[in-house]
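As structure tokens, the structure follows; a few thoughts come after it.
Note that the structure is predicted; figures quoted are calculated from it, not measured. Chain letters run A, B, ... following the sequence lines, proteins first and then strands; every chain starts at 1.
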Amino acid sequence: MSTTTTTNLPHHLKPKDISTESTSASKLSQKTILNLLNTKCNTSLQCLKLAYCLTLRTGHFQDHYVAGTLVKCYANPHFNNFGFALKVFDYVLNPNVFVWNIVIRGCLENNEPSKAISLYHLMVAANSRPNKFTYPPLFKACTITHAIEEGLQIHAHVVKHGLSRDGHIKSAGIQMYASFGRVREARRMLDGEGDSDIICWNTMVDGYLKCGDVEAAKELFECMPDKNIGSWNAMISGFAKCGMIEEARKLFNEMDKRDEISWSAIIDGYIKGGYYKEALEVFNEMQREDIRPRKFILSSVLAACANVGALDQGRWIHTYVKRNSMRMDAVLGTALVDLYAKCGRLDMAWEVFEKMIEKEVYTWNAMIGGLAMHGRAEDAIGLFSKMQREKLKPNEITFVGVLNACAHSGMVDEGLAILDSMKNVYGIEPEMEHYGCVVDLLGRAGLLKEAEELISSMPMEPNAAVLGALMGACRIHGHVELGERVGKVLLELEPKNSGRYALLSNIYAKAGRWDDVEKVRRLMKERGIKTTAGSSMIDVGGIVHRFKMADSSHPQKKEIYLMLDRIFERLHMEGYSPKTSQVLFDIKEEEKETTLRYHSEKLAIAFGLLSTEPGTAIRIVNNLRVCDDCHSATKLISEVYNREIIVRDRVRYHHFKNGKCSCKDYW
DNA sequence: CTAGGGTTAG
């Protein structure tokens, strides 16, 4: 190793920076400096700077081992100083393979995959011979940047250097090929010379599943000479991603030992597939097995809770977070705000929101969206202004929330002004979704003509959602002709969406055009479209109960139906009359009334009245929009039984209290 | 020579 000489110095140092050799620093050994770099310098940038100076003063910078370690420390993503790491690397004269490897890996860890590839080219040009440490990060870089040509070339280099036996390289290569959709090349690597171990097999299993080749994955999984927990987990998450949740569950059940990844794979699979109730059941099972959930699982479970209205479960998680003093970061906090807002507890949502320190735009969006769902337009707009006072830039989603708020309370002028300001003030081009909100706003307010005009002034062709909003307005205001016109377009645009058929036949039914109702029904049958069954969920004591129309699967069905009859006796005394125009088919009036009586929402309310203490609020989550009849019946129930009833439908909330609803019958 | 969290979740 060379001692300090001025000729060997990094070129940015002037000779006068270098003190004479008499300092004690020069006596520091290589070992001491390395020790310093590998301990304190990993956490303290100040120490690192000091160490850097020391290496320069003592001449140890010329030692590749020291220089490489120095680059590695500066490349620590936690310091956010990768630019300087590259600078330090530049000062290294004739870097050896060790230093090259470190800097290439550093690029990857600092989200600069293309830089990794270009540095590799420099390395090759500099005639530094790569070793087995060089390639895994390069394959990864190609995977991230989807650089197929580069990937193939790098693979060729691996072969040329005789490194294709290495397991680390193999698994990175397999992963790369699979990400390109080239499972055959991936498999060739797996079966090639050298040791393929469990991790390589697991990577291949994962690759097959990511490419949708379930059969190949199954076969490999079956015939692998050895398996570890990762093999099972790869199959489970892969099945879940392919939408094969039952298969995933089957494997999950067969496992004898499960880790956190197994649990979160299956829970997430359920959530992604929309099986929120099942996700929560598995989460509870996980608790019983004493697995300590960490933040990621908790955030996704909170999303499931929010979707089914499992307030108690969500609250439990909130307590768990506090009790374990987990950091309330933006993701977790936003999930809680969303949970409370979606469960009808704006007060709690607000409390969490206020206390949060790390708010991000999407946190504000969740709160604004929550207020919008509850029809609290003024508050939503107020928060929108506050957000700007705090110098936060609203994004597209923010405007969806604000415009929705306007739509839900009929604030036409405000909504139009906001749409206008998007482009003129915030420089955000309104997208289809924003126009959809405003079409909805105008349509609900009965301004059908204006809504149509807005659609034709849009810079893009209206999609099904926009037309759906217009058609919804036609239903509310009884515009049969326009509704029919839009409906026909919509049925061709989205022939598989049962909701569109329901809406059209609803428009006809309202106008008494039963022949046309029948036609729509026949069309659905011909096309094999099934109506989405309405269902209502209610959370009682932490357990979510789900009811369908005229459901008879609940263990307490007898009591529930008895209760329902009693409820209607009392409602009739209060002057209730069923809104039979809600029923789509031309059947006798009495039959219509029975159909209405067993709507899932009413079953859930009856169950709620039966199984909760008098005076407590009842919370219901509907998968569809509330119907007119359920709306007026629920208003009356809230008065007669003196209960607050909070119903969430597909797009908004209804707070029923003392015979009134928070939506002021505008929905 | 020194260095790899090489697979599976979010």
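Distance CH2 (W201(A)) to P (dT8(B)): 17 Å, rounded to an integer number of Å. Taking atom NE2 of residue H168(A) and atom C1' of nucleotide dG5(B), one finds them 10 Å apart after rounding to whole Å. One interatomic measurement links the two molecules: CG of L34(A) to C1' of dA3(B), which rounds to 12 Å at whole-angstrom precision. Note: NE2 (H60(A)) to C1' (dT2(B)) measures 16 Å, nearest angstrom. Whole-Å rounding puts the N76(A) CG to dA3(B) P distance at 16 Å. As a whole-Å value, the separation of N202(A) CG from dA9(B) P is 11 Å. The distance between atom CG of N131(A) and atom C1' of dC1(B), rounded to the nearest whole Å, is 11 Å. Rounded to an integer number of Å, the gap from NZ of K210(A) to C1' of dT8(B) is 8 Å.
Each of dG4(B), dG10(B), dA9(B) was ranked by its minimum atom distance to the side chain of F296(A); first place goes to dG10(B). Of the candidate nucleotides dA9(B), dG4(B), dT8(B), dT8(B) has the atom lying nearest to any side-chain atom of N233(A). The side chain of Y65(A) lies closest to dT2(B) when the candidates are dG10(B), dG4(B), dT2(B). Comparing dG5(B), dT2(B), dA9(B) against the side chain of R105(A) picks out dG5(B) as the nearest. Set against dG6(B), dG10(B), dG4(B), the side chain of K72(A) has dG4(B) as its closest nucleotide. Of the candidate nucleotides dA9(B), dG5(B), dG10(B), dG10(B) has the atom nearest to the side chain of K272(A).
N96(A) comes within 4.0 angstrom of a nucleotide base, judged by non-hydrogen atoms across all strands. Residue contacts shown for D197(A) include a base, since a base heavy atom lies under 4.0 Å away. Nucleic acid contact for K227(A): none, since no nucleic acid atom lies under 4.0 Å from a heavy atom of the residue. Among the heavy atoms of the strands lying under 4.0 Å from A265(A) are primed sugar atoms or P, OP1, OP2 only; no base atom is included.
Aromatic pair H155(A)/Y135(A): ring centres not closer than 6.0 Å.
Both thresholds, 5.5 Å between centres and 30° between ring planes, are not jointly met by W232(A) relative to the base of dT8(B), so the two rings are not stacked. The aromatic ring of F133(A) sits over the base of dA3(B), with ring centres less than 5.5 Å apart and planes inclined by under 30°.
In this model, the phosphate group of dG10(B) is not approached by any side-chain N or O of S300(A) to a distance below 4.0 Å at OP1 or OP2. In this model, the phosphate group of dG6(B) is not approached by any side-chain N or O of Q175(A) to a distance below 4.0 Å at OP1 or OP2. Of the side-chain N and O atoms in K241(A), one or more sit less than 4.0 angstrom from OP1 or OP2 of dA9(B). Look at K132(A) and you won't find any side-chain N or O under 4.0 angstrom from OP1 or OP2 of dT2(B).
Residues E351(A) and R345(A) are not paired through a salt bridge, judged by the lack of any N-O separation under 4.0 Å between the basic side chain and the carboxylate. A salt bridge does not link K170(A) with D166(A): none of the charged nitrogens is closer than 4.0 Å to a carboxylate oxygen.
Y340(A) and H318(A) have tilted rings, their planes meeting at an angle from 30° to 60° on a 0 to 90° scale.
With hydrogens and angles left out, the side-chain atoms of T203(A) and D206(A) include no donor and acceptor closer than 3.5 Å.
Donor-acceptor pairing under 3.5 Å, judged by distance alone, is present between the side chain of N101(A) and the base of dA3(B).
Comparing the same atom, C1', in dC1(B) and in dG5(B) gives a spacing of 22 Å after rounding to whole Å.
Using a 4.5 Å heavy-atom cutoff, the side chains of R249(A) and F239(A) are not in contact.
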